[in-house]
Asker: 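I have a structure I would like to understand better, so I am pasting it below and will then ask my questions one at a time.
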Amino acid sequence: MRLILLGPPGAGKGTQAQFLVERFGIPQLSTGDMLRAAIAGETPLGLEVKDIIARGDLVPDETVVGIISDRLDQSDCQKGFILDGFPRTTEQARALEVLLADKGIGLDAVVEIKVDADTLVGRILTRAAESGGARADDNEEVLRNRLDVYQELTAPLVDFYSKKDLVKSVDGMAGIDEVTTSIMAALAAS
Ligand code: ADP
């Protein structure tokens, strides 16, 4: 199973990805997690992206495409993978097509988790408060920027993948288990 999880910050992509990891025995590839690990490890990549992420802007396409390209070559991705937070721009989606075509594989589905933008700010700020504000980019101003960036650069991917007939949309406003059930139903129907 080769999947993309698409949805704005706070839609619950990470939560649903963890369930899918267990269900299908395939890894979650979260560019956000990988970039945060690089920042924590103070690697050259981490130093390059630290300020960009703190502002809620996107890191350069070639940087994340390089990370994903290396990650897809690892053996645990042979059975499939769940992309969480990548691709985020049309450029990244095109680069992913080339990477997959080179490997002779394709995507099975793009799961769009639809949420009401107005409720997201509250949801994420609650998450930040509960986790002790662990993420530097979970404050209101940066969050609003992340949502704007999503609308402008990432939301067009729904159209991009709809044209390829890959999109399965689920209602992300429902409870966590209900969203999981909808995702499984959508995938079973594909
Ligand atoms: P969220 O879905 O909550 O916005 P992520 O953990 O996916 O959070 O991403 C956090 C930040 O990492 C983004 O705001 C962006 O700065 C950077 N990032 C993650 N993935 C990408 C990507 N595919 N392209 C560019 N920047 C990315």
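One-based numbering, in listed order, for ligands and for the atoms of each.
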Asker: If you round to the nearest 0.5 Å, how far is CE of Met184 from OG1 of Thr181?
Answerer: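 These two atoms lie 9.0 Å from each other.
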Asker: Decide whether an N or O pair under 3.5 Å exists between Asp137 and ligand 1.
Answerer: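 In this structure, Asp137 places no N or O atom under 3.5 Å from an N or O of ligand 1.
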Asker: With a cut-off of 4.0 Å, which atoms of ligand 1 are near a heavy atom of Leu58?
Answerer: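 Close to Leu58: 25 (C), 26 (N).
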Asker: Quick check on Asp165: does its CG atom have over 12 non-hydrogen neighbours (other residues, nucleotides or ligands) under 6.0 Å away?
Answerer: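 No, because the 6.0 Å sphere around CG of Asp165 holds 12 heavy atoms or fewer from other groups.
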Asker: I want to know if ligand 1 touches Gly85 in the polar sense, i.e. an N/O pair below 3.5 angstrom.
Answerer: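 Yes.
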Asker: Nearest protein heavy atom to atom 12 (O) of ligand 1, by residue and atom, and its distance?
Answerer: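 It is Ile53 CD1, 3.6 Å.
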Asker: Identify the closest protein heavy atom to atom 8 (O) of ligand 1: which residue and atom is it, and at what distance?
Answerer: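 Scanning the protein heavy atoms, the shortest distance from atom 8 (O) of ligand 1 goes to Arg135 NH2, 3.3 Å.
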Asker: If you group Ile, Leu, Val, Met, Phe, Trp and Tyr by side-chain heavy-atom gaps below 4.5 Å, do Val111 and Ile82 land in one group?
Answerer: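 Yes, one cluster joins them.
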Asker: Any N/O of Asp33 closer than 3.5 Å to an N/O of ligand 1?
Answerer: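 For ligand 1, there is no N or O atom that lies under 3.5 Å from one belonging to Asp33.
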Asker: For Arg88, is at least one N or O under 3.5 Å away from an N or O on ligand 1?
Answerer: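 Yes - when backbone and side-chain N and O of Arg88 are compared with those of ligand 1, one distance drops under 3.5 Å.
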Asker: Between Gly172 and Val179, what is the shortest heavy-atom contact and its length?
Answerer: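 Nearest heavy atoms, Gly172 then Val179: CA-CG2, 4.0 Å.
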Asker: Is the closest N or O pair between Leu35 and ligand 1 shorter than 3.5 Å?
Answerer: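 No; every N/O pair is 3.5 Å or more apart.
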Asker: Among all protein heavy atoms, pick the one closest to atom 14 (O) of ligand 1 and tell me residue, atom and distance.
Answerer: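 Closest protein heavy atom to atom 14 (O) of ligand 1: Arg146 CG, 3.9 Å.
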Asker: Any carboxylate oxygen within less than 4.0 angstrom of a Lys/Arg side-chain nitrogen, looking at Glu97 and Lys164?
Answerer: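 The answer is yes: the pair qualifies as a salt bridge.
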Asker: Starting from atom 20 (N) of ligand 1, which protein heavy atom do you reach first, and at what distance in Å?
Answerer: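 Answer, as residue, atom name and distance: Thr31 OG1, 2.8 Å.
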Asker: Would you call Asp73 and Lys103 a salt bridge, taking side-chain N to carboxylate O under 4.0 Å as the test?
Answerer: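 Yes, Asp73 and Lys103 are salt-bridged.
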Asker: Could you list the atoms of ligand 1 found under 4.0 angstrom from a heavy atom of Lys13?
Answerer: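 Reading through ligand 1 atom by atom, the close ones are 2 (O).
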Asker: Can you tell me which residue and heavy atom of the protein come closest to atom 16 (O) of ligand 1, and the distance to 0.1 Å?
Answerer: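 Nearest neighbour among protein heavy atoms for atom 16 (O) of ligand 1, to 0.1 Å: Asp57 O, 2.5 Å.
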Asker: Within the structure, is a non-hydrogen atom of Arg36 found at a distance of less than 4.0 Å from ligand 1?
Answerer: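 Contact check Arg36 vs ligand 1: positive.
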Asker: Which value, rounded to the nearest 0.5 Å, describes the distance between Leu100 atom CG and Ile105 atom CD1?
Answerer: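 These two atoms lie 5.0 Å from each other.
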Asker: Would you mind running through ligand 1 and noting each atom that sits below 4.0 Å from a heavy atom of Gln92?
Answerer: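 Once the distances to Gln92 are compared, the set is 22 (C), 23 (N), 24 (N), 25 (C).
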Asker: With side chains defined as the heavy atoms from C-beta onward, is the minimum distance between Thr31 and Ile68 less than 4.5 Å?
Answerer: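 Yes, close enough: below the 4.5 Å cut-off.
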Asker: Using a strict cut-off of less than 4.0 Å between a Lys/Arg side-chain nitrogen and an Asp/Glu carboxylate oxygen, indicate whether Asp61 and Arg94 qualify as a salt bridge.
Answerer: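 Here Asp61 does not pair with Arg94 in a salt bridge, since their nearest N and O are not under 4.0 Å apart.
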Asker: List ligand 1 atoms under 4.0 Å from Val59, heavy atoms only on the residue side.
Answerer: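 What qualifies from ligand 1 is 25 (C), 26 (N).
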Asker: In Å, rounded to the nearest 0.5 Å, how long is the span from CD1 of Ile183 to CG of Leu20?
Answerer: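 Between atom CD1 of Ile183 and atom CG of Leu20 there are 5.5 Å.
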